[in-house]
Amino acid sequence: MGNVGLLYVGAVLFLNGLMLLGIVGGRPAAVLNFFVGGMQVIFPTIVLAQAGNDPAVVLGAAGIYLFGFTYLYVAINQWTGIGGEGLGWFSLFVAISAVTIGLINFVIGDPVFGVIWLLWAVLWSLFFVLLALGRGSIQRLTGWFTIFLSFLTGTIPAFLLLTGTFESTPLWAVVVAVIGILSLVVAVVLGRRPAPVRASEPSSATASASA
């Protein structure tokens, strides 16, 4: 179930990235955020009820909750049009938690997901700066980085896990880290380009999107 959930992490990150770039509106994006957020709150709860206090299962569920509540928060923000400050400060908490989970993954011998969690920490940190600190100048940068990570940390590893071909080795961890850093550099470059002129500008609620 976690592998299927990771696939939908990729899907919702992709859509939220497009929302930040003004390609998809806030309310249309909120629908998928509601679906995936609900799934990633309900299913971990079911797993926890059957976990028997297994530390590994509890840790995995905790990580999924971080995504689930983030997506639900995004969906509510987009649907109601309320400000994104609360979501921004929550993103800071999630970023700190993601760093912790990433380090734990290194310790338990899963270096690839150690890197993936650190990349997610960078993404959530960008949302903190964008939403809590009000730095709208990084919105397009954040949108592009969200799209890149949707594939690098969500869709691709999900399909590898679903097909039984995923390998978590130090070499692959380095590869993922290098691609992640390059993705951030490219996002910075693309983020500096002016947004294309459109007949109708996206709603201001796009600034409430998240990971």
Side-chain angles (χ1 to χ4, degrees), residues 1-19 24 26-80 86-87 90-124 127 146-147 149-168 176 208-211:
M1 186 61 224
N3 300 339
V4 175
L6 185 61
L7 179 63
Y8 281 93
V9 165
V12 78
L13 284 177
F14 178 69
L15 194 63
N16 286 347
L18 293 176
M19 178 171 59
V24 174
R27 283 199 169 190
V31 175
L32 185 61
N33 279 275
F34 271 125
F35 286 153
V36 178
M39 177 180 70
Q40 295 190 333
V41 169
I42 294 171
F43 289 130
T45 302
I46 296 173
V47 169
L48 281 177
Q50 303 172 348
N53 293 323
D54 185 328
V57 176
V58 173
L59 176 64
I64 297 173
Y65 275 132
L66 293 175
F67 280 96
F69 285 115
T70 298
Y71 297 147
L72 289 177
Y73 210 150
V74 171
I76 293 170
N77 274 16
Q78 294 303 317
W79 203 260
T80 63
L87 177 58
F90 176 66
S91 296
L92 176 61
F93 170 81
V94 177
I96 295 170
S97 300
V99 170
T100 303
I101 296 175
L103 295 177
I104 291 173
N105 273 274
F106 283 115
V107 171
I108 65 177
D110 191 350
V112 170
F113 267 93
V115 171
I116 286 175
W117 274 102
L118 293 181
L119 289 173
W120 284 334
V122 174
L123 181 61
W124 266 303
F127 283 114
T146 302
I147 290 173
L149 288 197
S150 73
F151 294 99
L152 179 62
T153 67
T155 306
I156 295 174
F159 276 120
L160 291 175
L161 286 163
L162 289 168
T163 56
T165 56
F166 179 83
E167 294 183 12
S168 186
V176 173
S208 298
S210 185

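The analysis underlying the following values was restricted to heavy atoms, covering all of them including side chains, and did not include hydrogens, waters or symmetry mates. As the structure is a prediction and not an experimental result, all values here were calculated from the model.
The two residues Gln78 and Arg27 make their nearest non-hydrogen contact at O-CG, 3.9 Å. What you find for Ala75 and Ala30 is that their closest heavy atoms are CB-O, 3.6 Å. The two residues Met19 and Ala29 make their nearest non-hydrogen contact at SD-CB, 3.5 Å. Nearest heavy-atom pair across Thr146 and Leu123 is OG1-CD1, 3.3 Å.
Ring pair Trp117/Trp124 is parallel by interplanar angle, where below 30° counts as parallel and above 60° as perpendicular.
To the nearest 0.5 Å, atoms CD1 (Ile64) and CD1 (Ile42) are separated by 13.0 Å. Separating the CG atom in Leu32 from the OH atom in Tyr8 is a distance of 8.5 Å, to the nearest 0.5 Å. From Leu6, atom CG reaches atom OG1 of Thr155 across 8.0 Å, with rounding to the nearest 0.5 Å. If you take CG on Leu87 and CZ on Phe69, they are separated by 13.5 Å, rounding to the nearest 0.5 Å. With rounding to the nearest 0.5 angstrom, the CG atom of Leu13 is 10.5 Å from the CZ atom of Phe151. Leu15 CG to Ile147 CD1: the interatomic distance, rounded to the nearest 0.5 Å, is 9.5 Å.
Heavy atoms from other residues, nucleotides or ligands lying under 6.0 Å from OH of Tyr65 number more than 12. Other residues, nucleotides and ligands contribute over 12 non-hydrogen atoms within 6.0 Å of the CZ atom of Phe90.
The shortest side-chain heavy-atom distance between Ile46 and Phe43 falls under the 4.5 Å cut-off. You'll find the side chain of Pro157 stays beyond 4.5 Å of the side chain of Val112, heavy atoms only. For the pair Leu118/Phe106, a side-chain contact is recorded, criterion being any heavy-atom separation below 4.5 Å from C-beta on. By the 4.5 Å heavy-atom criterion applied to side chains, Ile116 and Asn105 are not counted as neighbours. Counting heavy atoms from C-beta outward, Ile101 and Leu66 have side chains that approach closer than 4.5 Å. The closest side-chain heavy-atom distance from Val107 to Leu103 is not below 4.5 Å. Under the 4.5 Å side-chain criterion, counting only non-hydrogen atoms from C-beta, Val9 is in contact with Gln40. Residues Val12 and Phe67 form no side-chain contact, since every pair of their non-hydrogen atoms from C-beta on lies 4.5 Å or further apart.
In this structure, Phe127 has its ring center no closer than 6.0 Å to that of Trp120. Aromatic pair Phe35/Tyr71: centroids not less than 6.0 angstrom apart.
Thr163 places a side-chain N or O within 3.5 Å of a backbone atom of Leu160 that can act as its donor or acceptor partner.
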Check against side-chain contact (heavy atoms from CB on, under 4.5 Å), Ile156 and Leu152: CA-CA 6 Å; Ile156 295 174; Leu152 179 62; 5.6 Å; no
